[in-house]
Structure formats: structure tokens, C-alpha cells
Amino acid sequence: MPAFFLVSLLASTIGAICGIGGGVIIKPVLDLLHLETVAAISFLSGCTVLSMSCYSVGRAMLAGERRVSLATGTPLAVGAAAGGLLGSRLFAAVKAMFANPNGVGAVQAACLALVTAGTLLYTVNKARISTHRVKNPLACAAIGLVLGCMSSFLGIGGGPINLVVLYFFFSMETKTAAANSLYIILFSQLANLLANLAAGAVPPFRPMVLALMVAGGIGGGIIGRSLNKRMDDRAVERLFIALMAVIICISVMNSVRYAMV
């Protein structure tokens, strides 16, 4: 039981600092430890990320912080909410394709490794890549739709792909992108949770595990928010790059393990 809390706390702390939600850490680490089923881990990870992002976004708004651009962030968040519903259905469809429930875990892990590798390559080379400033609300919503679908399907909440998209399409600085990423994650994960509840698709899980992970998520949000204020963009980016390298390795290991079970 303590492992669930510690993983959630550490992941949510780093997630709040970098704006990646924490699910991109929770999902592969719990898969590696094999403490729950694939479906249960995806659900628990999503709930943890929702609790952390809810605290972080709510606290920022109460403090009067203005890092989130509502003109672009709201269409992105609305699109992400719709994408969260789509990603939830996609996960159910892929899961139904495999007689062995570990099959969908192998697919998730492989996709996460590829997405994370692409994110790492972009981040390392972003100084040499031209960026854009998308302002059209429909275009923002479409981008959010893709982000929400990917994060929901992978069970990671939002993850590193959010930051890359915000860098590339909106020319945001690292900490501004982190704040906007958490705003998007909040909407996509809330939509995903409501969809699962409405469809009766919540997998079996232990209530105490959920309570521990949500507590870890909120605790991580508190700690991560405090640390984020003390770190500059360069330090946040270095942490992000190191994290991506670790996640790629874990995801590859998970993909191979699930495929062989």
C-alpha cells in the first residue's frame, strides 16, 4: 500500500513542476511494479492526475496568477475534454481486441515510449525549430482534441506531449506551458472520469489505494507548485529531459514484459 502513495506523491510533485500531470510517471512505474491490472492502473492514474491538476489550477486561480491564456487555453481544454471521451472509447476498443488483458498494456507502453522519444528529441532540439502562434479557436480546439484523446488512451493524464504542442503551436515559455498544460489536463481527465462513470466502465479497484493515490496527488501538487516557483525555466527543462529518458526505458521494458506474458 505505501508504494501507491509514494509513487503518486513523487510523480505528482514532478508533474506539477513540469506541467506533465504525473500520470506519465505513475502509469509506467505501476505497470512495472505490476501492483494492479492494466485497466485499474489507467483509472487510478487518471484520478490521481485529476486531483493534482484540480489543486494546482484552482490554487493558481485563487492566487491571481495569469500564466494560463484563456483565449487559447479554454478552446484547448474544451477540445481536450472531447478528446478524453474519445480516448476512453479507444482504450475500450483496443482492450476488446485482446483475449489477454495484458495485450492493451503492451500497446499502451509501446505508444508511450514512442511519444516520449519524440518529445525528448523535440525538446533537445527546440532552439533550432521555428514555432507558431495559433489563435484560431477552432484550431485550438482541434489540437486539444488530439491531446485529450492521446492522454486518455495512454492513461497518463496529459504528459510530455502537451508541452511540446504548447511550445510548437503557441510559442510558450517552459513555465507558462506547464501552467497551460495542467489546465488542459484538468478538463480532459474530468471528462474521462465522467465518461467512465456514465458508461459503468470503472474497473475493479481497491478504495484504499484510490484514497492513498489521490492524497499523494494533492500532496505532490502542493510540493510541486512550491518548487516550481523557486526554479527557473532552464532547471525545469533539465528535469523534464531527465524524466523523459527514464520513462522511455521503463516503457520499453513494460512493452516487452506485457507482450511476453
Going by side chain to side chain donor-acceptor pair (under 3.5 Å), name the residues that satisfy it together with Thr48, two or more places apart in sequence or in a different chain. none

Residue set satisfying ring pair (Phe, Tyr, Trp, His ring centres under 6.0 Å) with His34, at least two apart, ordered chain then number -> none

Donor-acceptor pairs are to be reported for all side-chain atoms of residues 75-98 against protein atoms at under 3.5 Å, with residues two or more places apart or in another chain.
{"residue": "Ser88", "atom": "OG", "partner": "Asn192", "partner atom": "OD1", "Å": "3.4"}
{"residue": "Ser88", "atom": "OG", "partner": "Asn196", "partner atom": "OD1", "Å": "3.1"}

Tell me every residue that passes ring pair (Phe, Tyr, Trp, His ring centres under 6.0 Å) with Phe205, counting only those two or more places apart in sequence or in another chain. Phe43

Could you list the donor-acceptor pairs under 3.5 angstrom formed by side chains in residues 7-24, with sequence neighbours left out?
{"residue": "Ser8", "atom": "OG", "partner": "Phe4", "partner atom": "O", "Å": "2.8"}
{"residue": "Ser12", "atom": "OG", "partner": "Ser8", "partner atom": "O", "Å": "2.8"}
{"residue": "Thr13", "atom": "OG1", "partner": "Leu9", "partner atom": "O", "Å": "2.7"}

Salt bridge (Lys or Arg N to Asp or Glu O under 4.0 Å): pairs with one or both residues in residues 113-127, sequence neighbours excluded: Lys126-Glu237

Distance-only criterion, 3.5 Å: show the donor-acceptor pairs between side-chain atoms of residues 249-261 and protein atoms not counting sequence neighbours.
{"residue": "Ser251", "atom": "OG", "partner": "Ile247", "partner atom": "O", "Å": "2.9"}
{"residue": "Asn254", "atom": "OD1", "partner": "Leu32", "partner atom": "N", "Å": "3.3"}
{"residue": "Asn254", "atom": "ND2", "partner": "Pro28", "partner atom": "O", "Å": "2.8"}
{"residue": "Asn254", "atom": "ND2", "partner": "Ile250", "partner atom": "O", "Å": "3.4"}
{"residue": "Ser255", "atom": "OG", "partner": "Ala106", "partner atom": "O", "Å": "3.4"}
{"residue": "Arg257", "atom": "NH2", "partner": "Asp31", "partner atom": "O", "Å": "2.1"}
{"residue": "Tyr258", "atom": "OH", "partner": "Asp31", "partner atom": "OD1", "Å": "3.0"}

Checking Phe187 now: which residues fulfil ring pair (Phe, Tyr, Trp, His ring centres under 6.0 Å) with it, not counting sequence neighbours? Tyr183

Residue pairs involving residues 204-226 (criterion side chain to side chain donor-acceptor pair (under 3.5 Å); sequence neighbours excluded): Glu36-Arg206, Glu65-Arg225

List, one per line, each side-chain donor-acceptor pair under 3.5 Å for residues 207-214, sequence neighbours excluded.
none

Can you name the side chain to side chain donor-acceptor pair (under 3.5 Å) partners of Asn125, sequence neighbours left out? Arg128

Does Thr119 reach the side chain of Phe240, with side-chain heavy atoms less than 4.5 Å apart? yes

Hey, could you give me each pair passing side chain to side chain donor-acceptor pair (under 3.5 Å) that has a residue in residues 129-138? Not counting sequence neighbours. Thr131-Ser171

